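Below is one structure, written out as C-alpha cells, with a few remarks after it.
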Amino acid sequence: MAETTVAERFDRIKRLLFEKMYGRLNEGQKQAVFAVNGPLLVLAGAGTGKTTVIVERIAHIIRFGDLYESSACPVDMTPGEVARLEAAIQLGEDEIAQVLADYVTNPCPPWDILCFTFTNKAADEMKDRLAQTLGDETASAIWAGTFHSICMRFLRKYGESLGYSKDFTVYDTEDSKRCLKSCMQELDIDEAVLPVKSALADISRLKEKLITPQEFSADAQKDLRSKRVALVYALYQKKMRDASAVDFDDIIMQTVRLLETNGEAFDFCNGRFRYVSVDEFQDTNPAQLRLIQLMTERRRNIMVVGDDDQSIYRFRGATIENILNFDSGYPDARIVRIEENYRSTSNILNAANGIISNNKGRHEKRLFTNGPQGEKIVYRKCENQLEEAKFIAGKILELSMKEKRKYSDFAVLYRMNSQSNVIESVFSRSGIPHRLIGGTRFYERKEIKDILAYLAVVSNPADDLRLRRIINEPKRKIGDKLVSDIEIIASANGIPMFEVIKDAPFYPQICRSAQKLKDFCDLITELSKIRDTAPLDVLFEKTIELSGYRAMLVNGGEEEAEKLQNVEELISNAQSYQSAADEPSLSGFLEEVALMSDIDNYDSTGNAVALMTVHSAKGLEFPVIFVPGFEENIFPPSASFEKEDIEEERRLAYVAVTRAKERVFLLSVNERTLYGRTNKNRESRFLREIPQECLRKDEQVENGRRASALSRQSGKNGFISREFAQVPALTRSSPAKAGATFGAGDRVTHMFFGSGTVLSATPVGGDILYVVAFDDKGTKKLMGTYAKLKKE
DNA sequence: CACGCTCTGCCTGCG
DNA sequence: GCAGAGCGTG
C-alpha cells in the first residue's frame with residue numbers, strides 16, 4: 001500500500017517537474033514535446049514555434065528518454081526520495097533538468113534520431129538550434145537532413161544492389177530535360193505533340209507516386225498522350241540507368257525500392273532510427289510518405305509536423321492528403337494543435353484566418369495571439385505597375401523615417417518573379433537598398449553548369465550528357481554533326497562517348513576530325529592529372545584556364561564580366577568546401593553541389609529590403625510586408641481557377657499575410673502589362689475574404705473628382721468600392737449611368753432569367769457588357785443599362 | 001561550323 | 001517583352 005503511494009507520488013511529481021521545467025512552452029507545445037512514443041501529428045500554424053517544438057522534443061528524448069510517458073517507478077524509490085523530488089519543484093529549470101536526468105528511462109543516443117527537412121537551409125537551421133540546446137557534439141550526431149541527402153546516404157551505401165554503379169551521378173532538372181529530349185527524338189515523338197516540359201512533369205508525378213514505367217505501361221486502355229508518356233518514361237529510365245544517373249525523384253523512389261527489397265537496408269533503418277520526425281509534412285509526396293513508413297515500420301515512433309494551411313506545393317507533386325489523412329494511416333496517432341501565434345498582430349491573424357476559412361479541405365484551426373491588435377491591413381489601388389512600385393518605395397521611405405525602421409524590416413512578396421523588374425528599378429532609382437531572392441539560382445547559371453560539367457567529365461568520363469554539354473563550349477569546331485556521329489559509334493559499340501573520342505583515329509567516320517578530338521581528350525586527361533595531384537581550387541582554376549573558358553569571358557562585355565565573377569565565386573566555394581569537408585574530393589564537391597540549391601538564398605544579414613516570391617518567403621517573417629499584384633489573373637493567376645488550385649492559391653495568400661509581424665500592404669493596379677499585353681484586372685477575390693474590420697482601404701486611393709464621384713456613388717465614405725475596382729474605366733466616363741455595377745463572381749438576379757453568376761464585366765462605350773451564367777437559362781450577354789440586374 | 005535571324009511560349013520551384 | 005530554341009545562310 002505504501003509502495004503504491006510512492007509510485008503514484010513519483011509519477012505525479014515527475015510530471016509536475018516536467019511541466020515546470022517546460023514552463024516557457026505553451027500547452028500544445030508541451031503536449032508535443034512530451035508525446036514521445038508512437039505516431040504523432042503536430043498541426044502547427046504559421047508562426048507558432050514549430051521548429052522550437054521539434055528541437056525541444058528531440059532534446060527531451062535524448063535527455064530523458066520516455067521518462068515522462070513511462071509508467072515505471074524505480075524499484076528502490078523511497079518516500080524520502082520522493083519528498084526530495086517534491087521539494088525540487090522550487091528549483092529553477094536547469095536544476096530540475098539535472099534532477100530528472102537521474103531517472104531517464106529508455107535513453108536514446110543522438111545517432112538513433114532522424115529528422116527530415118525539405119531544404120538544406122531548414123536542415124542547417126535545425127542543426128544550429130539543436131547545437132544550441134544540446135551542444136555541438138551531440139547535435140552533429142543526429143541525422144538531420146533533407147529527404148534527398150538522407151536518401152543519398154543509403155543509395156551510396158546500398159545502390160549497387162539496385163544495379164547502380166558505385167559513383168552514380170545526380171541529374172538536375174536541366175540534365176533530365178536534355179536526356180528526355182533525346183529520348184523523344186529517338187522515339188520520334190514531336191515536341192508539338194508532347195512538350196518535353198510537360199512530359200517531364202508527368203514522369204515526375206509518376207515517380208512521386210512510385211509508379212514504375214512497367215506499371216504505367218501495363219495500365220490498360222489509355223489515351224494517346226498517356227501512351228506516349230509511357231513510352232518516353234520507359235526509355236528515359238533505361239537511359240538514366242545506362243548512364244548510371246539518377247534524377248531527384250529517383251533518389252526517393254529508388255530508396256523506397258531499396259527498403260522494400262533489401263532486407264539489410266530495411267533492418268538497418270528500423271534497427272537504428274528509434275525516433276523519426278518530419279518537418280513541413282504538408283509538402284511531402286506519396287513516395288516520401290512511403291519512405292518514412294518503411295523507415296519507422298517496426299517502432300512506429302514517427303512525428304510529423306506541418307500546417308495543411310501552408311501546403312503550397314501541390315503543383316510540384318506534394319499531396320496535402322498526407323497531412324489531412326495522417327490518422328487514417330495511423331489510427332492510434334495522437335494529434336496536437338498549436339494555434340498560439342507569436343509573430344503577428346491580431347489584425348493580421350484575423351485577416352489570415354478570414355482568408356483561409358474559405359477553404360473546404362482542411363484541419364479546422366484558428367490562429368490567435370495574446371499580443372496587440374496592431375495596425376489594420378492596408379489595401380491600395382494604383383494606376384499602373386510603376387505607380388505601384390513607387391507607392392511601395394514611398395511607403396518604405398516614409399516608414400523608415402516615421403517608425404525608425406531598417407530596410408531589412410521590409411519585404412516585397414509577389415506571386416511571379418516577373419513582377420520584380422519594375423520594383424527593382426524603382427528601388428534603385430530611389431536609392432533603396434534591396435536584395436532579390438530566388439530567380440535563377442547560382443548553380444543553375446549556364447557558366448557555372450558548364451564549369452561543373454567539365455569537372456563532372458573529369459570525375460566520371462562516362463557522363464555523356466555532361467560531355468556533350470562542354471565538348472564545344474567554348475567553341476572548338478566540334479559541331480553537331482560530329483557529336484552525333486560519335487554518339488552513334490558509342491551506342492553501336494555500347495561504350496561511352498569519351499572512349500570513342502579517345503580512339504577517334506580508328507573510326508573512319510570521324511577520323512578526319514581526330515586532331516580536334518585529341519585536343520579535347522588531352523584537356524580532360526590533363527585535368528584528371530591535376531585532380532590527382534593538386535587541391536580543388538587549383539583544379540578549378542586550371543579548368544577555367546585550359547578549357548579556354550576564361551579567355552572566352554575575358555573578351556566579352558558586361559554580361560561576360562558578370563559570368564566571370566560567378567565563375568570566380570565558384571572557385572571560392574570550392575575553396576571553402578575544401579577547408580570545411582572531412583575528406584574533400586571532387587566527387588564529394590559535385591555531389592554536394594547537386595543537392596544544393598540556395599547558396600545565394602536569403603540571409604537576413606545586411607540592411608536591405610527583401611524581394612521574393614510568396615513561395616520563397618515561406619518560413620520567413622518580416623515586420624512589414626508588401627504584396628503587389630493582389631489581383632485576379634495574378635494572385636490568383638488565371639490558370640488556377642479550378643477549385644483545387646484556388647484553394648492552393650488561398651493558402652498561398654494565407655502564407656503571404658502571415659509572414660508579417662506588424663504591417664501588411666496589399667496592392668493592385670488598374671492597368672497591368674503582362675507578357676507585352678495590357679489588361680485590367682479586378683482586385684483579388686481574397687481581398688473580399690478579409691474581415692472589413694481588419695482592413696483599411698487607402699484613403700488616397702482615388703484622387704480628385706474620381707474619388708468624390710465614386711464615394712457618392714458607393715456611399716462607402718471614400719473607400720474604393722469593390723464594384724468600382726472591377727470596372728474602373730467605365731466610372732470615369734459615366735459614373736452614374738449604369739447604376740449598380742457587378743464583377744465576375746457576383747451573384748445576381750434578372751427579372752426574366754432568374755439567378756446567375758457574373759462571369760465577366762467589360763466596359764463598352766459608357767456601358768458595361770456582362771456575361772452572366774444563369775442557373776437555369778444558360779449563359780447570356782447583357783448590357784448593364786438595360787439588364788436591370790440586382791444583387792442576389 | 002558559326003552566327004544571326006525569327007518564332008514561340010510564358011506561374012509558383014525544393015532537391 | 002523577353003529569352004531560349006530552331007532554322008537558314010555566309
Side-chain angles (χ1 to χ4, degrees), chain A residues 116-123 145-152 170-178 181 185 190-192 195-198 200-201 204 207-208 246-253 255 279-280 283-285 287-288 311-318 385 413-422 437-441 443-444 446 472-483 513 516 559 591-599 601 612-619 629 633-641 645 648-649 651-653 655-656 672-678:
Chain A
F116 285 111
T117 64
F118 266 83
T119 63
N120 290 305
K121 197 169 147 237
T146 61
F147 275 95
H148 292 89
S149 70
I150 302 278
C151 286
M152 278 300 281
V170 179
Y171 277 7
D172 71 6
T173 313
E174 199 200 318
D175 299 331
S176 304
K177 210 177 267 177
R178 281 168 193 250
K181 197 166 188 170
Q185 274 160 1
D190 191 4
E191 264 215 61
V196 176
K197 212 182 152 179
S198 82
L200 197 64
S204 187
K207 288 186 174 182
E208 282 160 350
V246 294
D247 63 21
F248 289 128
D249 300 312
D250 280 329
I251 293 176
I252 313 289
M253 185 180 179
T255 307
D279 193 10
E280 306 279 16
D283 292 335
T284 50
N285 61 39
Q288 288 159 332
S311 164
I312 53 173
Y313 287 113
R314 201 176 84 99
F315 72 92
R316 68 174 195 216
Q385 284 134 291
L413 308 181
Y414 35 80
R415 182 61 180 77
M416 290 184 279
N417 279 308
S418 59
Q419 289 173 254
S420 67
N421 282 332
V422 193
I437 290 121
T440 318
R441 294 179 292 181
Y443 284 100
E444 277 168 11
K446 184 184 177 301
N472 200 30
E473 187 73 40
K475 303 280 176 274
R476 41 176 80 88
K477 299 195 187 297
I478 301 174
D480 292 346
K481 176 71 170 61
L482 183 52
V483 173
S513 308
K516 283 181 283 191
E559 217 169 284
E591 176 157 333
E592 191 170 300
V593 158
L595 294 179
M596 175 153 49
S597 56
D598 29 32
I599 191 84
N601 206 348
M612 68 187 98
T613 63
V614 182
H615 282 93
S616 15
K618 197 173 77 156
N633 299 323
I634 303 284
F635 197 171
S638 40
S640 71
F641 290 165
D645 291 334
E648 176 137 324
E649 292 300 319
R651 292 192 288 270
L652 195 58
V655 168
R672 181 171 297 272
T673 309
L674 184 69
Y675 307 136
R677 290 167 96 92
T678 301

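Both backbone and side-chain heavy atoms feed into the values below; hydrogens, waters and symmetry mates do not. Here is how names work: the chains are called A, B, and so on, in the same order as the sequence lines, proteins then strands, and each is numbered from 1. On a predicted model such as this, the values are computed, not experimentally measured, just so you know.
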Inset, instruction - For A/T673, report the nucleic acid contact type (base, sugar-phosphate, nothing); a contact means any heavy atom under 4.0 Å. - result: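 It contacts nothing in the nucleic acid.
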Inset, instruction - For A/D247, answer base if it contacts any base atom (sugar-phosphate contacts may also be present), sugar-phosphate if it contacts only those atoms, and nothing otherwise; contact means non-hydrogen atoms under 4.0 Å. - result: nothing
Rounded off to whole Å, could you give me the [atom1]-to-[atom2] distance for the [X] and [N] pair?
| X | N | atom1 | atom2 | value |
| --- | --- | --- | --- | --- |
| A/D480 | B/dC3 | CG | P | 13 Å |
| A/Y675 | B/dC10 | OH | P | 8 Å |
| A/K477 | B/dA2 | NZ | C1' | 8 Å |
| A/R672 | C/dG1 | CZ | C1' | 15 Å |
| A/E174 | C/dA5 | CD | P | 8 Å |
| A/I634 | B/dC10 | CD1 | C1' | 12 Å |
| A/R415 | B/dC11 | CZ | P | 10 Å |
| A/E473 | C/dG4 | CD | P | 13 Å |

Inset, instruction - For the pair A/F248 and A/H148, name the ring-plane relationship: parallel under 30°, tilted 30 to 60°, perpendicular over 60°. - result: perpendicular
Report the nucleotide, chosen from [options], that has the shortest atom-to-atom distance to any side-chain atom of [X].
| X | options | result |
| --- | --- | --- |
| A/S616 | B/dC1, C/dG6, B/dG13 | B/dG13 |
| A/E191 | B/dC1, C/dG6, B/dC11 | C/dG6 |
| A/T613 | B/dC1, B/dC11, B/dT12 | B/dT12 |
| A/T119 | B/dT12, B/dC14, B/dC11 | B/dC14 |
| A/K181 | C/dG6, B/dC11, B/dG13 | C/dG6 |
| A/L482 | B/dA2, B/dC1, B/dC11 | B/dC1 |

Inset, instruction - Please report the shortest heavy-atom distance between A/T678 and A/T673, naming the atom on each side. - result: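 That closest heavy-atom pairing would be OG1-OG1, 3.1 Å.
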Legend entry - 5' priority, DNA chain B, between A/K475 and A/A639 [closest heavy atom]: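 Final value for this comparison: A/K475.
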Inset, instruction - Could you please name the partner base of B/dC14, counting Watson-Crick and G-U wobble pairs only when both distances are under 3.5 Å? - result: none
Inset, instruction - Verify the stacking flag for A/F118 against B/dC14: centroid separation must be under 5.5 angstrom and the ring planes must differ by under 30 degrees. - result: no
Legend entry - Phosphate OP1/OP2 of B/dT12 contacted by A/N417 side-chain N/O (<4.0 Å):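 Answer yes for this pair, as a side-chain N or O of A/N417 is under 4.0 Å from OP1 or OP2.
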Inset, instruction - Could you tell me whether the phosphate oxygens of C/dC2, OP1 or OP2, come under 4.0 Å of any side-chain nitrogen or oxygen in A/N421? - result: no
Inset, instruction - Look up atom CG in A/N633 and atom CG in A/L674, then write down how far apart they are to the nearest 0.5 Å. - result: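 Separation between the atoms: 9.0 Å.
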Inset, instruction - Please determine if A/R316 and A/D283 form a salt bridge, counting it only when a charged side-chain N lies under 4.0 Å from a carboxylate O. - result: no
Inset, instruction - May I ask you to say whether A/R651 pairs ionically with A/E649, meaning some side-chain N is under 4.0 Å from a carboxylate O? - result: no
Legend entry - Note, A/N285 side chain near A/D249 side chain (heavy atom, < 4.5 Å):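 Side chain of A/N285 against side chain of A/D249, heavy atoms only: no contact under 4.5 Å found.
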